[in-house]
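Quick note on labels: first sequence line is chain A, next is B, and so on, each numbered from 1.
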Amino acid sequence: MDAETPRSIAIRFSGVTKQFGTVRAVDDLSLEIVDGEFFSMLGPSGSGKTTCLRMIAGFEQPTAGSITLHDKEMAGVPPYERDVNTVFQDYALFPHMTVEDNIGYGLMIRKAPKAERHKRVQEMLELVRLPDVGKRKPSQLSGGQRQRIALARALINHPAVLLLDEPLGALDLKLRQQMQVELKTIQREVGITFIFVTHDQEEALTMSDRIAVFNAGRIEQVGTPNEIYENPATPFVATFVGTSNVYAGEVALRLSGSEQPFAIRPEKLRLALPDDPTPPDSRSAPGIVHDVVYLGMNTRFLIDLDGGGEAIVIAQNIEHGAAVSAVRGSRVRVIWKQDSERRVQHD
Amino acid sequence: MRSDQPRASWPLKLAAFAVIAFLNFPVLVIFLYAFTTEEAAFTFPPPGLTTTWFGVLFQREDFWRALATSLQVAAIATLVAMALGTLLALALSRTKFFGKEMISLLVLLPIALPGIVTGIALRSSINQYGIPFSMWTIIIGHATFCVVTVYNNAVARLRRSSPSMNEASMDLGATALQTFRYIILPTMATALLAGGLLAFALSFDEIIVTNFTAGPQQQTLPIWIYNQLPRPRDRPVTNVAAIFTILITLPALLVAYRLTRGGDEQA
């Protein structure tokens, strides 16, 4: 989609609530997802993100509120009449059909002519870079291949929105990272709105145009990966997306001069000798090294601050060996720039 | 047996052979004495071998009638059981409620209870409703205990298949009916066929419940054989008829076994 084209709203949630018995899985949620964007719903399990996805697909009906697709109310519209397709967590390929028949299922149901079906299936196989597996059965494919076939099957109807429910969860790390890049590339190629559900914050940061962070049936923050990471709105976002040191009350007052809670990323803290001076644009706090964990690319220090509170400090291992020669029990000074403090709302 | 596996000790092998012989010896006897030249007594070894008893049996019109009745009863009872067992398994796979496990037990009861109990229960129910005893009452009786084989196979297959498969089908534009036709039925086909074959075999050689539910005119093959036994002159003919029963039920059992082998399906 061109940058100039005015972007319309693909999916709009207005005050949507979903109640399962006594459990409120989604709680008065409002959200807008723009046409053509790669949108991630990020949150721990049970935070309501998958329920939101299933309500878009039509497998669940909202208890209250409304969901629209291109401004058309979706209440009462069955899954098979929605211009939305899903890539399932377990892929849900049909084991009794060949890969070709799996991918062509949507067209077969729509009674597309055989020649067209064959042509489109082949195009889809090319799109997911598996041109030669059409005659195989799903059981003869690897996990990564199945994942791509599930994607091809969901894309063949060219839906307005593609829903992906933790599709990379079952893959090993290397394959997952490769698929992250590929999914993003495919999304750009086809220009379809992707709504991607994940509990993996790194995955969400890597692929998304925008992220909604879910917690307990509500959205804590919506923003670009950069906004979410650099300016977390709540203590939950600060700690769920990446790692953060979050301080409140008395400790916040001692460290920053204000009782209002603030978060600071571990890589924005720096370790120095106890007597080193604090630059004018920075603040500092003395403490004792409690733990040192060598992580290859960097080293993580856990510091007990004098007067209470802990700080996680991550230092890049630019020189050989640990960046700082601090060991367990060393006295150190933690230094940070004032503008890397982020004020967050109370929970 | 693979050569790298430990071999069983010889007393164990001996015991295994003894059990197999014990289980199958009576069947061998039937085969042997279907060919004996003696009419009434079974002396060992048979004084001579002949195939005349096959000819004698094929002349008997009442045998063919009994065989036809048995085949009809088994076929229709199997179809009824397949429809009911499949629908029940599908219905239960989609819901969760208190006492759901009890239903499996209730389905199992007609076959788990002694046949005589099931038979009496059916007979008094049929009397109660004033239904005349006929081939159809036999079919009703057989269907009650055949449902379980189909149901168990269907449940096992449903448990193994991904629940999101039906959702995927609907998601791709298929209605519930199309999903049933293109996804549910094909993925369950072998399990249903296996259950159906077992049901057929079960119905074909059933005698106790049949006795309680048959009208005076109906004779199934097992009842025909049973009625033959007191007639000493035709004894080898009975054995030939028994061989027919085996020839009809054994392939069904073997195919059912092959269809479900390697899975967790059960009979």
Side-chain angles (χ1 to χ4, degrees), chain A residues 20-21 50 53-60 77-98 101-112 117 124 137-139 146 149-159 161-167 170, chain B residues 82 86 89-100 150 153-197 255-256 258-265:
Chain A
F20 291 109
T50 295
L53 200 75
R54 291 176 59 80
M55 286 194 287
I56 301 173
F59 302 134
E60 309 284 356
V77 179
Y80 50 86
E81 281 171 13
R82 296 185 183 209
D83 192 10
V84 162
N85 286 123
T86 308
V87 177
F88 291 84
Q89 191 167 12
D90 62 357
Y91 315 144
L93 295 177
F94 308 131
H96 58 292
M97 293 184 187
T98 61
D101 289 346
N102 263 283
I103 298 177
Y105 188 78
L107 294 178
M108 187 270 284
I109 292 292
R110 290 182 179 188
K111 303 197 166 60
R117 227 156 81 196
M124 282 298 137
K137 287 279 180 75
S139 58
R146 279 180 215 182
I149 299 307
L151 181 68
R153 185 179 68 176
L155 281 173
I156 198 163
N157 286 343
H158 208 89
V161 174
L162 185 78
L163 308 173
L164 303 103
D165 185 7
E166 309 228 4
Chain B
M82 283 177 83
T86 309
L90 283 175
L92 290 182
S93 74
R94 291 169 172 227
T95 49
K96 252 189 199 156
F97 56 88
F98 180 73
K100 182 177 164 181
V150 179
N153 275 292
V155 164
R157 179 64 55 91
L158 283 172
R159 204 174 286 150
R160 266 204 312 175
S161 58
S162 153
S164 43
M165 243 160 50
N166 299 344
E167 285 183 351
S169 170
M170 306 265 255
D171 189 69
L172 291 163
T175 60
L177 212 62
Q178 286 172 317
T179 300
F180 182 76
R181 179 176 158 200
Y182 294 119
I183 306 300
I184 298 177
L185 216 51
T187 49
M188 292 184 68
T190 54
L192 294 184
L193 190 59
L197 287 168
V255 173
R258 272 197 73 89
L259 286 176
T260 55
R261 199 180 42 179
D264 56 354
E265 283 99 330

Portion of A/L107 that has a non-hydrogen atom of chain B nearer than 4.5 angstrom: neither
For the residue pair A/P95 and B/M165, what are the closest heavy atoms and their distance? CD-SD, 3.4 Å
Closest approach of B/I183 and A/M97, non-hydrogen atoms and distance? CD1-CE, 3.8 Å
Would you list the atom pairs in which one atom of chain B and one of chain A form a donor-acceptor pair under 3.5 Å?
residue	atom	partner	partner atom	Å
B/S162	OG	A/D90	OD2	2.8
B/S164	OG	A/D90	OD1	2.7
B/S164	OG	A/D90	OD2	3.0
B/E167	OE1	A/R54	NH1	2.9
B/E167	OE2	A/R54	NH1	3.4
B/E167	OE2	A/R54	NH2	2.7
B/S169	OG	A/Y105	OH	2.7
B/M170	O	A/Y80	N	3.4
B/D171	O	A/N85	ND2	2.7
B/D171	OD1	A/T86	OG1	3.0
B/D171	OD2	A/N85	ND2	3.3
B/D171	OD2	A/T86	N	2.6
B/D171	OD2	A/T86	OG1	3.4
B/Y182	O	A/H96	NE2	2.9

